[in-house]
Amino acid sequence: MKTMLVGAVAALIVGLGLQLFNGFIDFKGVADFLIYPLILLGSGALVSVYSQMGFFAYLTLNYMGIGIFRKKTWQYIQIVLAVLALLELMFFRTFVGGSTSLGQDVGLGIAILVVAVIVAYFKVKSTNANAWIPTLFFMMAVSIVEIIGVLQIGVSNATIFMVVPLLICNAYQILTLHKVTQDEKKS
């Protein structure tokens, strides 16, 4: 529920910011103006559910990867997959898929990389150094897989509206994972 609240609030802020700076929606009355924030909250809640599905898929994948491969091998695989996902987002879509927005794709890739590094830094700071690679993998590869659908739309506002709350939800989930899974101290 907390992740859903985080996603709803993030979408509300991003949606109102987009409306403030771009003003694409023409409100026809007071009812439209009052309903718009509710729509943003609902959309953010849906984005958070999508984020949660990706998070649980990652947890399952990570559990299986740890069980199948040695620890170092699994870390290398995660690095390679994260780099491939980032390169696919930034370049492969443009050259093979015919996307015409190389600058936007590269900018989005750099933004995701920066957010992933910042989140990984805070995760390592609050847990240990072993969390660096899994956090980067989740924040890069899984987030990119989650946003592929919105990238097909090709509208910058839709991309911003989906990606920002999704990254915030993903960051919230990975940063709180160790708090959720730690054993309660018995008194």
Side-chain angles (χ1 to χ4, degrees), residues 1-8 10-11 43-97 99 105-106 108-153 159 162-186:
M1 291 303 282
K2 288 181 183 178
T3 304
M4 191 175 291
L5 181 63
V6 167
S43 298
L46 291 174
V47 168
S48 77
V49 170
Y50 196 60
S51 169
Q52 290 175 52
M53 288 186 335
F55 186 62
F56 290 119
Y58 160 73
L59 291 176
T60 303
L61 176 70
N62 193 48
Y63 181 75
M64 290 186 323
I66 290 170
I68 294 171
F69 302 105
R70 291 189 334 225
K71 185 176 181 179
K72 276 289 191 202
T73 305
W74 178 235
Q75 287 180 342
Y76 290 134
I77 290 170
Q78 288 181 70
I79 291 170
V80 168
L81 291 175
V83 168
L84 286 174
L86 194 61
L87 291 175
E88 189 277 333
L89 173 68
M90 294 170 69
F91 302 112
F92 191 68
R93 285 176 7 98
T94 300
F95 297 122
V96 175
S99 174
D105 289 345
V106 170
L108 180 60
I110 290 171
I112 289 174
L113 177 63
V114 168
V115 169
V117 168
I118 291 169
V119 171
Y121 170 77
F122 284 110
K123 181 68 174 182
V124 166
K125 196 171 179 182
S126 64
T127 58
N128 59 47
N130 293 330
W132 181 259
I133 292 174
T135 303
L136 280 178
F137 173 75
F138 174 69
M139 289 302 298
M140 288 169 52
V142 175
S143 295
I144 290 170
V145 168
E146 289 172 339
I147 65 170
I148 290 297
V150 76
L151 294 176
Q152 300 295 328
I153 297 171
T159 302
M162 171 82 173
V163 170
V164 173
L166 186 77
L167 287 175
I168 291 171
C169 287
N170 283 350
Y172 173 75
Q173 290 177 105
I174 199 76
L175 289 173
T176 58
L177 177 64
H178 67 281
K179 295 175 186 174
V180 173
T181 58
Q182 71 185 4
D183 293 332
E184 288 186 25
K185 294 184 182 183
K186 303 197 184 203

### Beyond-backbone contact of I174 with Y58, side-chain heavy atoms, under 4.5 angstrom
yes
### Query
What heavy-atom pair brings S48 and G7 nearest, and what distance separates the two atoms?
CB-CA, 4.1 Å
### Query
Closest heavy-atom contact between A10 and I168?
CB-CD1, 3.8 Å
### Query
Can you find a pair of side-chain heavy atoms, one from V115 and one from N170, that are under 4.5 Å apart?
no
### Message
Please check this pair: side chain of S143 against backbone of M139, looking for a donor-acceptor N/O pair closer than 3.5 Å.
### Response
yes
### Task
Please report the shortest heavy-atom distance between M140 and A82, naming the atom on each side.
CE-O, 3.7 Å
### Task
Side-chain contact test, heavy atoms from C-beta onward, threshold under 4.5 Å: evaluate it for L177 versus L59 and give yes or no.
yes
### Message
Return the CD1 to CD1 distance between I77 and I133, rounded to the nearest 0.5 Å.
### Response
11.5 Å
### Task
Looking only at non-hydrogen atoms, find the nearest pair between L89 and D105 and report the distance.
O-CB, 3.4 Å
### Task
Using a 4.5 Å cut-off on heavy atoms from C-beta on, say whether the side chain of I110 contacts that of M90.
yes
### Query
Could you walk me through whether V49 and T3 pass the side chain to side chain contact (heavy atoms under 4.5 Å, CB included) check?
CA-CA 8 Å; V49 170; T3 304; over 6 Å; no
### Query
Is W74 close to P134 at the side-chain level, that is, under 4.5 Å between some pair of heavy atoms?
no
#### Entry: Test item: S126 side-chain N/O and K123 main-chain N/O as donor-acceptor pair under 3.5 Å
yes
## Note on the structure
Nearest heavy-atom contact between M4 and A45 is CG-CB, 3.6 Å
#### Entry: Within-4.5 Å side-chain heavy-atom neighbours: Q78 and N62
yes
### Message
For a 4.5 angstrom cut-off between non-hydrogen side-chain atoms, does F137 reach L61?
### Response
yes
### Task
Answer yes if the ring centres of F55 and F138 are under 6.0 angstrom apart, and no otherwise.
yes
### Query
Rounded to the nearest 0.5 Å, what separation is found between the OH atom of Y76 and the NZ atom of K71?
12.5 Å
### Message
Would you compute the distance between atom OG1 of T135 and atom CD1 of I118 and round it to the nearest 0.5 angstrom?
### Response
13.5 Å
### Query
Hey, mind stepping through V117 and Y121 against side chain to side chain contact (heavy atoms under 4.5 Å, CB included) and telling me if it holds?
CA-CA 6 Å; V117 168; Y121 170 77; 5.5 Å; no
### Query
Looking just at side-chain N and O atoms, do N130 and Q75 make a donor-acceptor pair shorter than 3.5 Å?
no
### Task
Answer whether the closest heavy-atom distance between the side chains of V142 and E146 falls below 4.5 Å.
yes
### Task
Could you grab the distance from atom CG of L167 to atom CD1 of I112, nearest 0.5 Å is fine?
5.5 Å
### Query
Shortest non-hydrogen contact from L108 to V163?
CD1-CG1, 4.0 Å
## Note on the structure
Rounding to 0.5 Å, atoms CD1 (I68) and OH (Y63) come to a distance of 11.0 Å
### Task
Given side-chain hydrogen bond (donor to acceptor under 3.5 Å, both in side chains), test S51 with Q173 step by step and report yes or no.
CA-CA 9 Å; S51 169; Q173 290 177 105; 2.7 Å; yes
### Task
To the nearest 0.5 Å, tell me how far K2 NZ sits from C169 SG.
14.0 Å
### Donor-acceptor contact present, side-chain T73 to main-chain F69, <3.5 Å
no
